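This report refers to the structure that appears directly beneath it.
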Amino acid sequence: MACVMELRDQEIYVLKGKKSSGHIKVSHAFRIRLFEPLFINNEINLNESLISFVYDKLQKENIKDRKVHLVVNHRSILSKDFLIPKTDRKKQAFIVDNEMTALFNLTKEFVVDYRVLDEVEYEGVKQSHCLASAIRKSTIEGLEIFFEGLDRKIISIESSSNSFLNFVSTFQFNNHAEPSIFIDASTSYIRFYIFNGDDFMMMRSLHIHVEDEYNLVSKRVLHLIELLDQSQSSITHKRVNQVYLVGFERRLNWMQQLIKDNFELDIILPKFNVIVDKELDIRDFGNSLGVF
């Protein structure tokens, strides 16, 4: 049984589960709404009252796991996918580090990690499609201190974009060769992942603030879907015909209607191959499920 905690700006998603025989069995899933942000200026908020608050919530929910896996779903972790020449692992790591440093103007205070998504051939040259992430060393140290206060030890830390791609791959939602968009529509963000069949192509994020007007957010969502469709069709010469929706229930209902009113696209609310011990709404836990 593993315990995964997804860290958002002012929420912590907690999920306990176990993967066995191709299935994930979830025994518990809940959210902790924080009374103040977990991240302040991209650093971890080490307010003792906040740590005590989270500790008490975990105790109340009977979470006794001392080892946890973390998913950082916050702008403090920088993510980007790009193509690099296919080469050995050592040279690959060097190239990825240089690419991320140039893209985000990183200093030595950042740690860069990456995964190879797939290999492609571009203009006769074999290349590796990589997804990289960068996080400050001070943020990692802050997380270690925070979770030490919770009497927990961190086993792994990964970005939400990486865990979501694992989530899509694990459940094999996309069973056709046509381009499609996966939308993770949560309370404070909407994230768009575009695929050509099984191949991930690109990702875009839309962060939502409390004061943002409904009409403005709607226009941004529609604009992003159009741009993603145009971008991938210039490469594959195919248009997007399916949209997969996961996320927070109220956001899902709104997104479903918005897309239906503006596009002729098939809208799919995928079912997860998950066994739950009780009635748990886990449609907003895709990032956490991607850790298994």
Side-chain angles (χ1 to χ4, degrees), residues 71 73 75 77-87 92 95-96 98-100 102-104 112-134 158-186 189-207 220-247 255-256 258-259 262-270 272 286-287 289-290:
V71 176
N73 191 350
R75 282 166 286 184
I77 191 164
L78 307 171
S79 297
K80 180 66 178 176
D81 68 288
F82 42 76
L83 293 173
I84 64 171
K86 184 180 178 182
T87 184
Q92 203 171 61
I95 295 172
V96 169
N98 283 344
E99 287 284 341
M100 289 294 285
L103 281 168
F104 296 106
V112 175
D113 194 13
Y114 75 100
R115 62 178 283 198
V116 176
L117 300 169
D118 50 50
E119 293 182 353
V120 298
E121 191 167 308
Y122 183 70
E123 295 182 348
V125 179
K126 290 185 178 180
Q127 296 185 311
S128 297
H129 187 194
C130 299
L131 175 67
S133 60
E158 62 179 284
S159 68
S160 56
S161 54
N162 188 49
S163 61
F164 192 85
L165 290 179
N166 287 337
F167 167 67
V168 174
S169 176
T170 296
F171 291 97
Q172 298 180 332
F173 297 127
N174 202 8
N175 57 5
H176 60 91
E178 301 301 314
S180 58
I181 298 177
F182 282 73
I183 300 178
D184 180 16
S186 198
Y189 70 89
I190 301 174
R191 202 162 283 134
F192 306 78
Y193 300 82
I194 191 162
F195 288 79
N196 181 32
D198 293 330
D199 298 329
F200 168 67
M201 296 185 67
M202 67 184 76
M203 175 192 72
R204 294 293 183 270
S205 295
L206 173 62
H207 294 280
R220 289 174 178 170
V221 168
L222 296 175
H223 183 59
L224 266 173
I225 292 175
E226 289 176 351
L227 285 179
L228 287 170
D229 182 28
Q230 292 170 9
S231 178
Q232 69 80 33
S233 64
S234 67
I235 300 172
T236 65
H237 308 295
K238 297 178 181 178
R239 304 304 297 267
V240 168
N241 59 17
Q242 286 188 325
V243 173
Y244 293 80
L245 283 177
V246 297
M255 284 288 296
Q256 193 171 9
L258 181 66
I259 295 171
N262 291 275
F263 298 102
E264 294 182 0
L265 296 169
D266 293 332
I267 302 171
I268 300 171
L269 300 177
F272 308 163
N287 295 311
L289 290 169

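As the structure is a prediction and not an experimental result, all values here were calculated from the model.
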Self-check item: Atom pair CG/CG of N73 and N287 - distance to nearest 0.5 Å
Solution: 5.0 Å
Quiz item: How long is the span from the CD atom in E99 to the CZ atom in F104, to the nearest 0.5 Å?
Solution: 11.0 Å
Exercise. Taking atom CD of E121 as the centre, report whether more than 12 heavy atoms of other residues, nucleotides or ligands fall under 6.0 Å from it.
Key: yes
Practice problem: Sequence neighbours left out, what passes ring-ring contact (aromatic ring centres under 6.0 Å, His included) with F82? Give chain and number order. | Solution: none
Quiz item: Can you tell me if R115 and N166 form a side-chain donor-acceptor pair at under 3.5 Å?
Solution: yes
Quiz item: Counting heavy atoms not belonging to H207, are there more than 12 under 6.0 Å from its NE2?
Solution: yes
Quiz item: Listed by chain and number, what are the side-chain contact (heavy atoms from CB on, under 4.5 Å) partners of L224, not counting sequence neighbours?
Solution: F192, R204, L206
Quiz prompt | Q230: side-chain hydrogen bond (donor to acceptor under 3.5 Å, both in side chains) partners, not counting sequence neighbours | solution = none
Quiz prompt | T236 side chain near M201 side chain, heavy-atom distance below 4.5 Å | solution = yes
Quiz prompt | For S231, side-chain hydrogen bond (donor to acceptor under 3.5 Å, both in side chains) partners two or more places apart | solution = none
Self-check item: Those residues that, when tested against K238, pass salt bridge (charged side-chain N to carboxylate O under 4.0 Å, His left out) (two or more places apart)
Solution: none
Quiz prompt | From CZ (R191) to CD1 (I183), nearest 0.5 Å | solution = 12.5 Å
Practice problem: Mind checking the NZ-CD1 spacing from K86 to I95? Nearest 0.5 Å is all I need. | Solution: 13.5 Å
Quiz item: Taking atom SG of C130 and atom NZ of K80, what is their separation to the nearest 0.5 Å?
Solution: 13.0 Å
Practice problem: Could you check V116 against Q92 for side-chain contact (heavy atoms from CB on, under 4.5 Å), going step by step and ending with a plain yes or no? | Solution: CA-CA 10 Å; V116 176; Q92 203 171 61; 3.6 Å; yes
Self-check item: Check: F167 ring centroid to F272 ring centroid under 6.0 Å
Solution: yes
Quiz item: Are any non-hydrogen side-chain atoms of Y244 and S180 less than 4.5 angstrom apart?
Solution: yes
Quiz item: side-chain contact (heavy atoms from CB on, under 4.5 Å) with I267: which residues, sequence neighbours excluded?
Solution: L245, Q256, I259, K260
Quiz prompt | Residues which pass salt bridge (charged side-chain N to carboxylate O under 4.0 Å, His left out) with E226, listed by chain and number, not counting sequence neighbours | solution = none
Quiz item: Minimum heavy-atom separation for M255 to A185, with atom names?
Solution: CG-CB, 3.8 Å
Quiz prompt | I181, L165, V168 screened by side-chain contact (heavy atoms from CB on, under 4.5 Å) with Y193, the one that passes | solution = L165
Self-check item: Spacing of CZ belonging to F164 relative to OG1 belonging to T170, to within rounding of 0.5 Å
Solution: 11.5 Å
Exercise. Can you sort out the partners of Y114 under ring-ring contact (aromatic ring centres under 6.0 Å, His included), two or more places apart, ordered by chain and number?
Key: none
Practice problem: Report the residues that fulfil side-chain contact (heavy atoms from CB on, under 4.5 Å) with D81, sequence neighbours left out, ordered by chain and then residue number. | Solution: H129, L131, F200
Quiz item: Taking only residues two or more places apart in sequence, or in another chain, which ones meet S159 in a side-chain hydrogen bond (donor to acceptor under 3.5 Å, both in side chains)?
Solution: S161
Quiz item: Which pair of heavy atoms, one from G247 and one from D184, lies closest together, and at what distance?
Solution: CA-OD1, 4.0 Å
Self-check item: Contact check, side chains of Q232 and L228, non-hydrogen atoms, under 4.5 Å
Solution: no
Quiz prompt | Sequence-distant partners of N262, side-chain contact (heavy atoms from CB on, under 4.5 Å), two or more places apart | solution = L222, L258
Practice problem: Could I get the full list of side-chain hydrogen bond (donor to acceptor under 3.5 Å, both in side chains) partners for R239, not counting sequence neighbours? | Solution: D229
Self-check item: Closest non-hydrogen atom pair, R75 against L78
Solution: O-CD2, 3.7 Å
